[in-house]
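Order of the sequence lines sets the chain letters (A, B, ...), proteins ahead of strands, with each chain counted from 1. It should be emphasised that the depicted structure is a prediction, and the values quoted were computed from it without experimental measurement.
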There are 2 protein chains.
Amino acid sequence: MHEVAELAGVSRMTVSRALNHPEKVKEKVRLRVFEAVSQLGYVHNHLARSLSSNRSNVIGLVLPSLENSIFSQTVKAISDVLRPAGFHLMLAEATDDAKVEEAVIAAFISQRVAGLVLHGTQHSPASIRMLKGANIPVVENGDIPTEPIDMVASYSNRAASRAMTLHLARLGYKKIAFASLANNPRAAERQIGFLEALEEAGHKPDPRRMVAVSRGFVGGTEAIAHIEQSAPDTDAVFCAGDVIAVGALLECNRRGWDVPGRLAIASYDDLELMRHVNPPITALRLPRHEIGRRSAEMLLARIVDRELPARSADLGFEILQRGST
Amino acid sequence: MHEVAELAGVSRMTVSRALNHPEKVKEKVRLRVFEAVSQLGYVHNHLARSLSSNRSNVIGLVLPSLENSIFSQTVKAISDVLRPAGFHLMLAEATDDAKVEEAVIAAFISQRVAGLVLHGTQHSPASIRMLKGANIPVVENGDIPTEPIDMVASYSNRAASRAMTLHLARLGYKKIAFASLANNPRAAERQIGFLEALEEAGHKPDPRRMVAVSRGFVGGTEAIAHIEQSAPDTDAVFCAGDVIAVGALLECNRRGWDVPGRLAIASYDDLELMRHVNPPITALRLPRHEIGRRSAEMLLARIVDRELPARSADLGFEILQRGST
DNA sequence: TGATTTTGTGATACCGGTATCTTTTTGAGT
DNA sequence: ACTCAAAAAGATACCGGTATCACAAAATCA
């Protein structure tokens, strides 16, 4: 920068101004500076800028899992909002483990990120203390928590699960099973919603129809095997996670079970795949993209425009009725 | 940091040393410093550290698309190698557009990333100039380029495509079609490999059997429709991209075509899904995870250990013969 | 025209650390 | 006990920018 200043015959300060607040510098001088910049191939050092001005242009994103394709829509949406605003995205994985999450959050704060998006709403007291102490805007995704740290953009797992279960009941299914991942805070909320709906529909919950399965397609296979063994009179299964529903459908196809005749299948999440299998699977359309967009917008509103956007946005969901139910 | 130094009764320099090179500080003093750190809840400012020491702990990753689940394995592997080494990951999307890529690279350099991973091997002269000028280690993924910028960790699209095509020929298929995405530099390499293999196997290439399709499952539907219309005697189709093969298989199922009796299907990439459809799809196992791991390791070798790792790692591939061929 | 703003530019200090060199302390060897 | 090398701690400058205030030049007003 020193060299640019010399070549343009001005002070470093003027160079800085020409680059950051061009309107504050006379046109003639400004053009000399730009000329010098391009002639020397000068690249601004954002690190120094951030340190000096105590404000950075990096947003941190913490995901429970990087391998899960579910999040790619959200990531893409965040990125699409940030880029035109000149912000960048830093990514970290925090599994559902408190210690790891604390380390990740500490690392992000240490990098002085301008804001943070957390996918997940269960945080250790230490994490919460750090986040509040850091005094940066935070958006939580993944569920609507009762006590948000700062801001929230999500749908309610409980409400979505409840709605789909009621939908199945309304279609006339009487013996609905629930398959979900074990040890997953979001799955727990979904189970609550499921049970609420059963009660509301006047069904009696039956523990034989609550199945905990592994991640991935194989989870669906497990669910069907469990149902056949423990509760063969089940007439519908609500697969609350990822690709479990597809795994279940494929397993039914293999066994020659008619879907939805022998067993109806509903999915929690509407991956593109759901529309393409036979029969297509009834699913919840969750606002994955919208969550990312709103999260980024809320952060930018606070950081750039210093506004105070609504603390919480419930982005809802939609039931897509298809051939599998 | 000043406060920590005061509380511990030492100079700032000693605090810095206690945190970065604990072995250089006497145990007694070190403990006093750590005590002060935790008492004050001090978080190290990595920005200042990077600026002062002129070395950062952030790695940049440029992907052609964030929505594509294919990359999630690579991202996860990179992240898994970086975290224990104390490095972080910054993510950007650069579509296959030169201008966007230049902007992204400039932004990363401006953030003084310690190293860069580029998924993609076609770069504009301006990008290459910037990268060489920045003097940071760069790893290219996605293909084996003839003139790498710095380092490479990948498999060869051409070799993989050629190998699968030869595999189909060896299985006795005589009229093999090729379906791939249009306007994709990697797809172009794959097509070259396909044509090489046809020649090697003594087959005559037939333009009616070269199909350009859309992204996603629907691409498979398109491929089958095209084959039926333009070259109904085709006995095998090699789907060179993403989930096209699954789309094709599902379409065959819908039409009641026997797979592989009426038409054999082979896929370029082995997603988990390939093993679970019926019949399971023959696919290339590409080293997605290994690419990420090696990329990160190569960068760290250069950054941390100041070694000069091999410039290029061809990580190969594997043919998984399954029921669809 | 002189007084008063307004606008443009420069001087200086500082953001929060680390590199480097200097000084002090420690401890081994005789 | 004394010398001297090695280890530990401190002083100072600087990384590459920006905030802030001072000051000069230009524009506005009476």
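Counting any heavy atom pair closer than 4.0 Å across all strands shown, Asn54(B) reaches no nucleic acid atom. At the heavy-atom level, His46(B) lies nowhere under 4.0 Å from the strands shown. Looking at heavy-atom distances under 4.0 Å, His2(B) makes no contact with the nucleic acid at all.
A 6.0 Å sphere centred on CG of Asp305(B) holds more than 12 heavy atoms belonging to other residues, nucleotides or ligands.
The separation between Lys24(A) atom NZ and dA19(D) atom P is 11 Å, rounded to whole Å. In this structure, the CD atom of Glu27(A) is 17 Å from the P atom of dT7(C), given to the nearest Å. Computed from coordinates, the Leu47(B) CG to dG17(D) C1' distance equals 11 Å when rounded to whole Å. In this entry the distance linking NZ of Lys26(A) with P of dG10(C) reads 11 Å, nearest Å. Note: CD (Glu3(B)) to P (dC15(C)) measures 12 Å, nearest angstrom. Between Arg12(B) atom CZ and dC14(C) atom P there is a gap of 12 Å when expressed in whole angstrom units. To the nearest angstrom, P of dG8(C) lies 15 Å from CZ of Arg32(A).
Within the 4.5 Å cutoff, the side chain of Gln39(A) has heavy atoms near those of the Leu7(A) side chain. Residues Glu93(A) and Asp80(B) have side chains in contact (heavy-atom distance under 4.5 Å, counting atoms from C-beta outward).
Between the side chains of Glu140(A) and Ser154(A), no donor N or O sits under 3.5 Å from an acceptor N or O.
With hydrogens and angles ignored, no donor-acceptor pair under 3.5 angstrom links the side chain of Arg49(B) to the base of dG16(C). Applying the 3.5 Å distance criterion, the base of dG16(C) shares no donor-acceptor pair with the side chain of Arg112(A). With hydrogens and angles left out, the side chain of Arg30(A) and the base of dG8(C) share no donor-acceptor pair within 3.5 Å. In the interface, the side chain of Ser52(B) is paired with the base of dG17(C) through a donor and an acceptor atom under 3.5 Å apart. Side-chain N/O atoms of Arg17(A) and base N/O atoms of dG8(C) include no donor-acceptor pair closer than 3.5 Å.
Distance from the side chain of Ala48(B) is smallest to dG16(C) among dG10(D), dG16(C), dG16(D). Residue Met1(B) places its side chain closer to dG17(C) than to any other of dG17(C), dG17(D), dT9(C). For Asn45(B), whose side chain is taken as the heavy atoms from C-beta onward, the closest listed nucleotide among dA19(D), dG16(D), dG17(C) is dG17(C).
When the nearest nucleotides of DNA chain C are assigned to Val43(B) and Thr14(A) by heavy-atom distance, the more 5′-ward of the two goes with Thr14(A). Between His21(A) and Met13(B), the one whose closest nucleotide on DNA chain D sits nearer the 5' end is Met13(B). Comparing Leu51(B) and Gly9(B) by the nucleotide of DNA chain D whose heavy atom lies nearest to each, the residue mapping closer to the 5' end is Gly9(B).
OP1 or OP2 of dA19(D) sits under 4.0 Å from a side-chain N or O of Arg55(A). For the pair Ser11(A) and dT9(C), the criterion of a side-chain N or O lying under 4.0 Å from OP1 or OP2 is not met.
Taking all atoms of both residues into account, the shortest heavy-atom contact from Ala114(B) to Ile303(B) is O-CD1, 3.4 Å.
Taking CZ of Arg294(A) as the reference point, atom CG of Asp314(A) lies at 10.5 Å (rounded to 0.5 Å).
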